[in-house]
Amino acid sequence: MEKPDATVAPSCCFLEVDVAKSNASLVTQSRAFNAADLIALAISASDPLRRAQLLANAQAQLAWTLRSAVEECAESDISWAKIGEAVGMPRESIFRQYSAGAPIVALKAVQSPTSPNMADPRNRYPADAIFAFQTPDGRWWGPRDLLSEGQYRTAALPFHPAANVGSPFAGQMLMVRYGPIEQNVSFHAAQVVEPDGSPRRVRVTHDVMDLMFSDGQTPLRRAITAVVHAVLSNPRNPQQLREAVDRAAKAQNPAVPLADFVAAVKAVIETAETVEPTDIFSHEAIERLKKVVAEFDAWAGGAR
């Protein structure tokens, strides 16, 4: 099987499995590893058509892997009601698929936005994802208030990226918040430890990936983009504020030095302190920008 491109951005940490200690059957192990290989190839594929093909193959492989895992449950005398509850299916549906000798698909297709199948939360969101993390000094990185309490979960992340990757947070025990995120979710995943000690693979947002491994600009650019849309779409906002936002929008050009871009963003905040926006959407976007700028300054200080 072809290997992933070595130039692909690394995931936060990689899944390590001691096959000798695994309780899964050899069939389940084999199918699960095949699915993981296909997903890894899809991540590194440069051709989107090839990526779609690999992910479709991975989906089929996962369906067979699920069937194998369900078979293990059945052989362990676990009731079909409990199996169905675990995978989110009526027991009759999962038993019919199993009895047919076919792969088991737990998710029903959605043909339109009004389909009844949209009620399934797995169809409303691509995946749970880490959207913020906390370092041992108590500082939070990323939009920790993105989801309300009760919508997110907290887990530990022993952060040990590859030595050749580098990160200002390497070697630290991080606490992460994750939950259902609809957009901005990367292909990369980290293995976290749940409060009960069980491991879990969770995907990571682009903002968190950027803070962990890159130049920390992604959250800043997203926040100023939201301000641009809010402020410039309302002609009643003060001209001085609109001009400052317009300059920040132009400073997002990749050719503009980072220091100049950050200065233009901070100028928006300074302007808003003397010339307030006229609508709540502009106000909220600027308040959010203030938090992100503070997080970026803290990140920049820690990354030096």
Side-chain angles (χ1 to χ4, degrees), residues 1-17 27-69 87-88 97 102-113 115 117-118 120-131 142 146 157 161-162 164-167 176 178-192 199-219 221-222 225 254:
M1 179 173 285
E2 60 184 294
K3 298 296 182 183
D5 186 345
T7 62
V8 67
S11 60
C12 299
C13 50
F14 293 93
L15 178 63
E16 296 181 359
V17 178
V27 173
T28 304
Q29 286 180 24
S30 176
R31 288 173 172 169
F33 281 125
N34 285 341
D37 285 342
L38 288 166
I39 293 170
L41 288 171
I43 292 171
S44 63
S46 57
D47 179 4
L49 189 62
R50 173 64 170 157
R51 185 178 302 115
Q53 179 187 44
L54 288 166
L55 289 173
N57 291 339
Q59 186 180 58
Q61 189 64 235
L62 281 171
W64 280 107
T65 307
L66 177 55
R67 175 188 169 77
S68 181
V87 302
Q97 289 192 48
I104 295 177
V105 180
L107 209 59
K108 293 183 179 179
V110 174
Q111 305 296 340
S112 72
S115 169
N117 295 337
M118 282 298 286
D120 188 330
R122 294 171 297 179
N123 276 330
R124 292 201 299 269
Y125 302 102
D128 280 346
I130 296 169
F131 59 87
L146 183 63
L157 171 59
N164 65 331
V165 174
S167 169
V176 302
Y178 71 88
I181 305 297
E182 190 170 1
Q183 297 177 338
N184 186 30
V185 180
S186 75
F187 280 108
H188 304 291
Q191 181 164 293
V192 302
R200 179 176 178 179
R201 293 280 286 179
V202 186
R203 287 169 65 184
V204 184
T205 64
H206 288 292
D207 287 5
V208 168
M209 283 293 295
D210 183 67
L211 288 167
M212 286 182 168
F213 295 108
S214 189
D215 57 12
Q217 294 182 55
T218 299
R221 291 183 181 277
R222 291 183 186 277
T225 297

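Each residue takes its place number in the sequence, starting with 1. Predicted, not measured: the structure shown is a model, and the values here were computed from it.
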Should we say atom CD of Gln59 is surrounded by more than 12 heavy atoms from elsewhere, each under 6.0 Å from it?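 Check fails, neighbour count at 12 or below.
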
For residues [X] and [Y], determine if any side-chain heavy atom of one lies less than 4.5 Å from a side-chain heavy atom of the other.
{"X": "Leu146", "Y": "Ile181", "answer": "yes"}
{"X": "Val87", "Y": "Ile104", "answer": "no"}
{"X": "Gln53", "Y": "Asn57", "answer": "yes"}
{"X": "Asp128", "Y": "Arg200", "answer": "yes"}
{"X": "Thr65", "Y": "Thr28", "answer": "yes"}

Polar side-chain atom of [X] near backbone of [Y] as donor-acceptor pair, under 3.5 Å:
{"X": "Ser167", "Y": "Met212", "value": "yes"}
{"X": "Gln191", "Y": "Pro199", "value": "no"}
{"X": "Arg51", "Y": "Ala42", "value": "yes"}

Mind listing the closest non-hydrogen atom pair of Ala190 and Ile130 along with its distance?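 Between these two residues, the closest heavy atoms are CB-CD1, 4.2 Å.
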
Enter the distance from Arg222:CZ to Thr205:OG1 here, rounded to the nearest 0.5 Å.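 Going from the CZ atom of Arg222 to the OG1 atom of Thr205 covers 8.0 Å.
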
Mind checking the CG-CD spacing from Leu54 to Gln61? Nearest 0.5 Å is all I need.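 These two atoms lie 12.5 Å from each other.
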
